[in-house]
Amino acid sequence: MTNHWVDMKNTDVAMIIGSNAAENHPMSFKWLQEGRKNRGTKIIAVDPRVTRTSAVSDLYAPIRSGTDIAFVNGIINYALTRSRYNYDYIRYYTNGSLLINAGYNFDPSTGFFSGFSGSGTTGTGSYDKSTWAYQTDEQTGADGAVTSGSDVFTAAGATFSTDLIGRKMSIISGANTGTFTIEGATATTLTLTGYAPTSTETGLDWVLPGIPIKDLTMSDPNCVFNIMKDHYSRYTPEIVEKITGCPADKFLHVAELYTSTGQSDKCGTILYAMGTTQHTYGTQNVRTYAILQLLMGNTGLSGGGINALRGESNVQGSTDMALLFHILPGYLKTPRASNTTLGLDTATGNDIVYNQDQYDPAFMGLTTALQDEAKASFLWKWTPQNNDPQSANWWQHSPKYMISLLKAFYGDAATAANDFCYDHLGKIDDATNYSHMSIFDKINDGTITGLICWGQNPAVGGPSAGFERRAMAKLDWMVCVDLWATDTSVFWDHAKDASGNDVDPADIDTEVWQLPAAGSYEKEGSVVNSGRWAQWRYKAVDPPGEAKDDAWIVSELVLALQANPGTAYPAAITDLSWPCYSAGDDHVDVDQVAMEINGEYVDGSGPVKNFVGLAADGTTTSGNWLYCGQINQADGRNRLKDRDNTNAQDVSGIGLYSEWSWCWPINRRIIYNRASLRPDTQEPWDPYRAVILVDQDPTSGTYKKPIAGDIPDGGWVTDPTAGNAYRHPFIMKPEGHSRLFGMGRADGPLTEHYEPMESPLSSSIVNPREFTPAVHIYGGEQGEFSDSAQYPIIATTYRVTEHWQAGCMTRSIPWLCEMMPYMFIEMSYELAGEKGIVSGDEVIIDNVRGEIRAYAIVTHRFKPFYLNGSDQPTHQIGMPWHFGPSGLATGDSANILTPHVGDCNTRIPEYKAFLCNVTKA
Amino acid sequence: MAKVKVIDLSLCQGCRGCQVACKQWNQLPAVTQEEGLNMGSYENPPDLSAKTWNLVRFHEFLNSDGSVQFTFFPDACRHCPEPFCMQYCPVEGAITKDPDTGAVVIHSELCGDCCGECVAQCPYGIPKLETSMDDDGAVTTYYRAYKCKLCNDRVTSNVGGDNTVAAGQDQTALGVLPSTAIEAVPACAKTCPAGAIQFIDESLLTNTNTYPGTGYSAQWILNRSAEDLGLTPATMADAQPKKTEPQDRRSALAGLLKPLGIGMLKDDKRKG
């Protein structure tokens with residue numbers, strides 16, 4: 001979340017889409033109801049069916065599963081055509097006013113953005129993103145001139161201006177090369193700080209590194225705002241109805257209500273969850289919400305933001321700590337195979353010390369081979385460059401975080417001389433995906449022969465669970481770490497072959513080990529909630545029997561590996577610093593772990609205050625730079641244990657509770673909060689919901705800077721006219737502007753509707769594609785999809801309050817099992833009528849991947865959709881995915897039916913939209 | 001000051017936290033699949049029983065404009081001001097009302113070989129007699145009645161009292177319930193994430209006469225205007241008393257109620 005749970009009480013309109021918040025995050029409604037009571041908050045629920053959330057919402061809009069983009073693009077079009085947006089916010093804080101390469105385009109007649117490698121309505125491929133780029137004001141020349149002893153540079157024909165003051169300028173030929181800061185400018189001259197050439201020269205090669213060109217009037221046809229007007233114009237209410245099945249009048253109610261938050265003193269929030277992300281275009285679903293929030297000027301404000309309701313109590317924390325393959329702790333990048341070195345000393349060509357300035361004369365003096373190596377080095381490759389002095393470009397500091405992380409990993413073994421043990425890190429192949437489905441693909445083909453399932457139950461929770469269960473039988477060994485025997489750990493006891501026939505467990509050779517783990521209340525440590533609050537949790541009871549907490553198990557594993565590190569690359573294991581646990585200890589010293597995560601000075605002078613104090617020279621450690629600051633430097637206090645609810649820092653009663661636990665980054669409760677200030681007056685957009693307050697900066701005497709409230713996204717002055725004392729509010733982007741146009745994605749810089757892989761429609765209506773072009777399709781049976789002629793019914797999966805994820809915890813608790821005792825599906829009366837089904841009947845649901853049985857709940861809460869102008873109904877069913885063969889409440893797993901295909905960017909599986917058929921058993 | 005449990009049904013989101021919290025605090029056993037659970041409904045177990053004292057009832061309603069309402073009702077003892085069950089219970093002290101907490105408590109251990117009068121008198125169908133089921137599915141009913149105790153043991157012992165709020169703080173801003181003389185609240189109120197179930201001073205009631213003429217228990221339901229809540233007719237029916245006068249049935253029941261008598265009703269519900 002950009003915001004946090006309590007802040008939901010401050011919103012004017014909450015749109016809950018891709019989430020059943022009342023069901024799966026009941027606490028959200030504590031705060032939304034508070035908002036209703038105190039400020040008349042309106043709640044919109046967008047969902048394929050009427051849910052427990054819709055039941056307590058003001059406005060419900062039905063959409064077919066997988067059509068969020070069409071729906072929200074329609075709202076964006078509604079806003080753009082009726083000027084229901086925050087104009088100043090867009091032009092100052094977003095890239096709406098920045099110009100895009102004239103070669104960029106989107107072709108509705110093909111469904112491709114510029115640069116696509118494939119063709120046709122079903123071809124797949126990838127994008128060359130070179131046209132998805134800003135136009136910059138870079139200037140180069142070969143006729144520069146300087147006079148000996150002068151700091152003035154001239155270039156005939158060049159057009160300079162005072163806007164360049166503070167920017168960098170490189171002179172790259174002649175006797176007096178270098179990169180210099182511009183301190184004065186006229187149309188033809190630049191005055192360079194600290195420059196005093198020893199000879200008079202002409203004909204110099206020079207470069208003025210560019211920054212994106214900005215058009216604050218947003219009149220240039222290539223500015224993002226105008227590109228968007230064109231792109232989104234196709235998403236009329238009629239098209240929205242054709243694609244989503246949501247009646248146009250209902251859609252318009254939502255569009256009108258939500259875009260009311262485009263008024264500068266109104267604020268809306270979007271709450272989403274897995275209904276958004278678990279699609280082949282899940283990332284783009286989130287993008288379309290983000291774009292809407294930026295147009296409305298809702299991000300960075302109290303009562304606004306993009307708020308992912310996380311599905312587990314600590315899933316935010318586990319992501320921060322790099323549960324995923326593509327990142328290291330704190331969202332640093334996992335090294336790729338091509339990043340052969342950490343960095344390169346541009347002066348010597350030796351390893352370490354990075355320098356990203358490609359116009360630095362020292363760099364330019366290197367051989368081409370060394371230049372190429374430097375550019376491929378980890379720190380160069382993954383540290384974004386920026387030439388705009390008004391942009392903080394916070395990721396420019398990532399080398400400090402990376403080297404401090406390596407020091408935390410490898411301790412004294414990590415030195416400048418050995419690249420801080422950079423080579424010890426595993427490198428992933430540049431173009432290879434290593435996420436869940438890819439792992440099972442590689443288990444299936446025999447590449448991976450052992451598996452540790454730690455708190456995971458893929459036999460129930462994995463997509464195409466039947467395929468994944470069959471793949472498990474090909475493993476040599478599997479270790480399951482969980483509270484109970486899971487459906488996965490006993491997969492051999494309920495195994496079926498591809499035809500659905502039982503397999504004799506004696507025919508499965510996989511050796512399975514079960515390690516009993518401690519539950520949440522049987523261990524001490526921190527839990528990070530969706531709002532990024534890291535809260536300490538104490539141990540309440542001992543775990544039963546031989547059960548151990550996860551940290552103990554992983555520590556024992558590390559010590560065992562260190563004792564027998566093998567021969568392939570033992571140093572990577574033996575050099576690992578593991579100070580918080582010694583053999584024979586009863587438990588890991590979790591307070592010391594918290595200190596290690598925070599980071600310390602290597603010289604023993606205590607904890608680092610916050611990430612600003614981290615260094616790239618090996619003098620600091622930090623296990624996760626985002627959490628640097630969780631230990632209070634002054635008194636060594638673990639701030640995750642803070643429980644002061646006096647709310648003293650809150651300037652307007654928005655419920656910051658800054659002294660209750662601690663949140664990353666540096667206890668900033670609402671991120672991007674510099675955008676909560678109007679660019680003209682720097683007063684809060686809504687004075688009654690001030691996140692930060694500003695006052696006159698005593699240094700500049702003219703401009704304002706943050707003085708109270710939440711921790712600001714940097715203390716720079718807040719007036720965009722303040723020259724280089726100002727910083728744009730979106731400090732994590734190199735250009736400082738949030739991205740309406742997102743050039744980093746694999747599948748398009750703007751959001752476009754494509755159908756799910758399995759769809760009842762033969763095209764995406766707004767374009768001829770059958771599905772999203774940049775999707776990856778695995779081989780073999782994973783690449784087979786259900787045909788709409790044979791399987792005409794749309795299916796989706798979801799959770800219920802009473803069960804938890806793949807169910808191995810809740811399906812063992814009698815009180816929960818009695819409330820949701822059986823696997824069921826929900827269907828409309830219309831479909832039930834066609835099929836002769838009544839509530840309580842057992843039904844069979846099948847598709848190309850298999851069949852399952854469940855009890856039918858026939859309900860008014862599902863209604864058929866009428867798509868693409870047809871008067872024939874398209875039916876949708878829904879089912880919980882919690883059930884499996886183990887536990888007290890048993891039933892077939894919905895994921896037997898879900899496809900093995902995922903998002904173009906993240907490869908999160910498509911759990912939410914696929915096809916099936918339903919018959920009475 | 002007597003307390004009352006009020007439920008704002010406009011806030012209830014049907015999460016059933018109250019239902020499971022009730023089982024947990026009172027350590028009531030779960031109903032098993034063998035004992036009979038719904039297969040075509042969210043509503044489980046099918047009814048209140050000696051081991052289910054709080055049950056969220058689910059209803060959906062198709063409006064004439066095609067929109068659908070989905071409403072919830074946490075059904076449990078209303079703890080009437082003048083409870084019929086207590087008036088007509090023949091055993092001295094088997095049913096009591098705590099003047100401080102408002103709790104109407106059946107002391108089941110005193111029921112003995114008794115009558116089930118409380119079951120018959122309750123306008124809401126709340127008390128249930130203990131039953132057991134043998135391996136063949138045959139049900140035996142015992143004359144011990146059970147129902148919600150408003151967690152009187154918890155409340156009077158101040159278990160789970162909310163002590164995190166210091167005196168003088170703005171409790172409303174903190175999102176906690178209004179300050180009460182007894183800080184502990186029943187488990188259902190404690191767990192309710194939406195604040196739909198509250199345990200408040202009787203004096204804070206603003207709507208004490210939702211059903212004119214009954215003179216009891218109506219305030220329990222809403223503490224708000226019923227019309228405001230947009231409830232489905234079925235949920236309104238759940239919330240309302242089924243009768244407004246007690247019946248003196250002792251003589252009629254005397255012949256009916258024998259130790260082999262009443263079997264457990266099994267509703268064949270087909271509700272969303």
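Worth knowing before you read on, the calculation uses all heavy atoms, side chains too, and leaves out hydrogens, waters and symmetry mates. Order of the sequence lines fixes the chain letters, A, B, ..., with proteins taken first and strands second; residue numbering starts at 1 for each chain.
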Problem - chain A interface, residue from B:Thr52, B:Leu28, B:Val56, B:Asn44 that has the most non-hydrogen pairs under 4.5 Å - result: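 Looking at each of B:Thr52, B:Leu28, B:Val56, B:Asn44 in turn, B:Asn44 comes out on top.
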
Problem - Winner by heavy-atom pair count (cut-off under 4.5 Å) against chain A, out of B:Thr32, B:Val20, B:Leu62 - result: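 Highest number of heavy-atom pairs under 4.5 Å: B:Leu62.
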
Under 4.5 Å heavy-atom distance to chain B, tell me which part of [X] shows up: side chain, backbone, both or neither.
{"X": "A:Thr51", "result": "backbone"}
{"X": "A:Leu888", "result": "backbone"}
{"X": "A:Ala856", "result": "backbone"}
{"X": "A:Glu802", "result": "side chain"}
{"X": "A:Lys863", "result": "side chain"}

Exercise for the section: Go through A:His860, A:Arg36, A:Lys250 and name the one with the most non-hydrogen pairs under 4.5 angstrom from chain B. Expected result: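 Option with the top pair count is A:His860.
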
Practice task
Check whether any side-chain heavy atom of B:Pro127 sits under 4.5 Å from a side-chain heavy atom of B:Tyr146, and report yes or no.
Solution key: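 When only atoms from C-beta onward are counted, B:Tyr146 and B:Pro127 do not touch, as no gap falls below 4.5 Å.
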
Exercise for the section: Report yes if some heavy atom in the side chain of A:Lys920 is under 4.5 Å from a heavy atom in the side chain of A:Lys835; otherwise report no. Expected result: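 Not in contact.
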
Problem - A:Arg310 backbone acceptor or donor facing A:His25 side chain under 3.5 Å - result: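 Confirmed, A:His25 side chain pairs with A:Arg310 backbone.
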
Practice task
Please say whether the positively charged group of B:Lys5, taken as NZ for Lys or CZ for Arg, lies over the ring of B:Phe199, i.e. under 6.0 angstrom from the six-membered ring centre and within 45 degrees of the axis.
Solution key: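 Negative - B:Lys5 is either too far from the ring of B:Phe199 or too far off its axis.
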
Problem - Stacked cation flag A:Arg49 on A:Tyr798, 6.0 angstrom / 45 deg - result: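 Here A:Arg49 passes the 6.0 Å and 45° test against A:Tyr798.
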
Problem - Partners passing ring pair (Phe, Tyr, Trp, His ring centres under 6.0 Å) against B:Phe72 (at least two apart in sequence or in another chain) - result: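 Residues passing ring pair (Phe, Tyr, Trp, His ring centres under 6.0 Å) with B:Phe72: B:Phe58, B:Phe70.
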
Handout entry: side-chain hydrogen bond (donor to acceptor under 3.5 Å, both in side chains) involving A:His803 - partner list, sequence neighbours excluded
Key =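 For A:His803 the side-chain hydrogen bond (donor to acceptor under 3.5 Å, both in side chains) partners, ignoring immediate neighbours, are A:Thr810.
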
Practice task
Answer with side chain, backbone, both or neither: which region of B:Cys192 has an atom nearer than 4.5 Å to a non-hydrogen atom of chain A?
Solution key: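 Neither part, no heavy atoms under 4.5 Å.
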
